[in-house]
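The basis for the numbers below is simple: all heavy atoms, side chains too, and nothing from hydrogens, waters or symmetry mates.
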2 protein chains.
Amino acid sequence: MPRPSEPTRARIVQAASALFYNEGIRRVSVDEVAAKAGLTKRTLYYHFKSKDDLVAAYLAARDQPNLALFRKWFAEAEGGLPAKVEAIFRNLARSARHPKWKGCGFLRTSAELANMPGHPAIRIGAAHKKKFEDWLRATFAEQRIADPLKLARQILLLLDGSFAVVLLHRDASYMETAGEAARTLIETAVATKGRKRRD
Amino acid sequence: MPRPSEPTRARIVQAASALFYNEGIRRVSVDEVAAKAGLTKRTLYYHFKSKDDLVAAYLAARDQPNLALFRKWFAEAEGGLPAKVEAIFRNLARSARHPKWKGCGFLRTSAELANMPGHPAIRIGAAHKKKFEDWLRATFAEQRIADPLKLARQILLLLDGSFAVVLLHRDASYMETAGEAARTLIETAVATKGRKRRD
DNA sequence: TTGTGTATATTCACTGGTTAGTATACATAC
DNA sequence: GTATGTATACTAACCAGTGAATATACACAA
């Protein structure tokens, strides 16, 4: 039974993900994670050196799948650039209507651990958001938009804002409002493409 | 010494505010709050029936001062509507650069308690955001903007987005980016004032 | 093929500390 | 002498992390 070790670790991360996402980091004990994974706490501590380490692994496992989903929604959408970005918000709204939805795991974790600035989990969250921003910036740069970084950050702000607002109000329609705002900002940036900045 | 009871209660809320905001709800014990307020836990439980009750009081105490601050920043700013809204973001960025700043207490609390949907603290947070949205909507309506509710919600999304992003990245310049985005959205809405919706 | 050593993987049982909430008694002011 | 307010001392549960022992799989030697 010993040898492999990788499936066990993966099972622990899976159990931790479900519990941490649904209940919150500090609400969930290491014992609960171990029980859900079907093993003892001592075994868990063989694979992870601390609870903080486990929390970091939980977020690290969410990084790539999450980004892939956003890219998929963007790629599959019909229409031009604004429509493709808006599709991300529309799909997100659909996810948010599921009763088990509880916002963005990265944001919620960094909100809960805000008193530990250098925590590995917060770094992983920041890196995740940065990857998303970088992908948007590159996409906008390809379309010869004047200030692709600024526009990417504006979209990111709307996205994370919709995570926060929808979590509070439990009203997913805010995500469609955010999508509309994103469309307006993109169209404005496109219109300014060649022109000098006014003001 | 007994009689008054109100200053005692206020002192408890003050102690709770500092601790809950800086360390997080579940991180802070009722004993710690009592110690910081200079009394025993048993006395605290005379004034509040549970920890949840105390958490709710912590947020309720933040509601009016927070809104007043936003209104003050708006009112004192020079210039037109976009400049006045942008001033809110600029002032917020200034606050966020203080090292003790840890985001929006309402958002962080509801992120931490996301597993308890009906929690009084979450309701207070939602009501707070709604009041801000209502104030913006009324302000925009006075200026004869076409869809004041939609614009108010877009600004709210940018505001809460900047709380989230700046908490993660510890880079307050995102708030100025959010302010710029708000300006763009307002100017677009103003330009659409009388006109029919295109599309 | 069979025995044996070793790194890997797992468990039981425990520690020292913390936690929300309470039973009871005492003090003060009016 | 009764409302209000405060403190001491307690419960019963929980929690992150560890010490010591054990089980398994595989490499290699006989």
- Task: Please list, chain by chain and in numerical order, all residues satisfying side-chain contact (heavy atoms from CB on, under 4.5 Å) with B/Ala114, sequence neighbours excluded.
- Result: A/Lys102, A/Arg108, A/Leu167

- Query: Residues in side-chain contact (heavy atoms from CB on, under 4.5 Å) with B/Ala16, at least two apart?
  - Reply: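 Result, side-chain contact (heavy atoms from CB on, under 4.5 Å) vs B/Ala16: B/Phe20, B/Val33, B/Leu54.
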
OP1, OP2 of [N] versus side-chain N and O of [X]: anything below 4.0 Å?
| X | N | answer |
| --- | --- | --- |
| B/His47 | D/dT4 | no |
| A/Tyr46 | C/dA9 | yes |
| B/Thr43 | D/dT6 | no |

- Please name all residues satisfying salt bridge (Lys or Arg N to Asp or Glu O under 4.0 Å) with A/Asp31, sequence neighbours left out, ordered by chain then number.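 A/Asp31: salt bridge (Lys or Arg N to Asp or Glu O under 4.0 Å) contacts with A/Lys41.
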
Tell me the interatomic distance from [X], atom [atom1], to [N], atom [atom2], rounded to whole angstroms.
| X | N | atom1 | atom2 | result |
| --- | --- | --- | --- | --- |
| A/Arg27 | D/dC15 | CZ | P | 8 Å |
| A/Ile12 | C/dA9 | CD1 | C1' | 11 Å |
| B/Phe48 | C/dT22 | CZ | C1' | 18 Å |
| A/Arg9 | C/dT8 | CZ | C1' | 15 Å |

- Does a sphere of radius 6.0 Å around CZ in B/Arg27 hold more than 12 heavy atoms from other residues, nucleotides or ligands, not counting ones at 6.0 Å or beyond? no

- Task: Give a yes or no on whether A/Glu176 atom CD has more than 12 heavy-atom contacts from other residues, nucleotides or ligands under 6.0 Å away.
- Result: yes

- Step through it carefully: locate the ring centre of A/Trp135, locate the ring centre of A/Phe74, and say whether they are under 6.0 Å apart. yes

- Hey, could you give me each pair passing salt bridge (charged side-chain N to carboxylate O under 4.0 Å, His left out) that has a residue in residues 131-140 of chain A? Not counting sequence neighbours.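 Applying salt bridge (charged side-chain N to carboxylate O under 4.0 Å, His left out) to every pair that reaches into residues 131-140 of chain A, excluding sequence neighbours, yields A/Asp63-A/Lys131, A/Lys130-A/Asp134, A/Glu133-A/Arg153, A/Asp134-A/Arg137.
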
- All stems with DNA chain C, defined as three or more consecutive Watson-Crick or G-U pairs under 3.5 Å: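 Counting only runs of 3 or more consecutive pairs, the stems involving DNA chain C are C:1-27 with D:4-30.
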
Distances under 3.5 Å between protein N/O atoms and the N/O atoms of nucleotides 16-18 of chain D, please, pair by pair.
residue : atom : partner : partner atom : Å
D/dA16  : OP1  : A/Lys51 : NZ           : 2.9
D/dA16  : OP2  : A/Val30 : N            : 2.9
D/dA16  : N7   : A/Lys41 : NZ           : 2.9
D/dG17  : OP2  : A/Tyr45 : OH           : 2.8
D/dG17  : OP2  : A/Lys51 : N            : 3.0
D/dG17  : N7   : A/Lys41 : NZ           : 3.0
D/dG17  : O6   : A/Lys41 : NZ           : 2.6

- Nearest-0.5 Å distance, NZ of residue A/Lys51 to CG of residue A/Leu44: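 Result: 11.0 Å between the selected atoms.
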
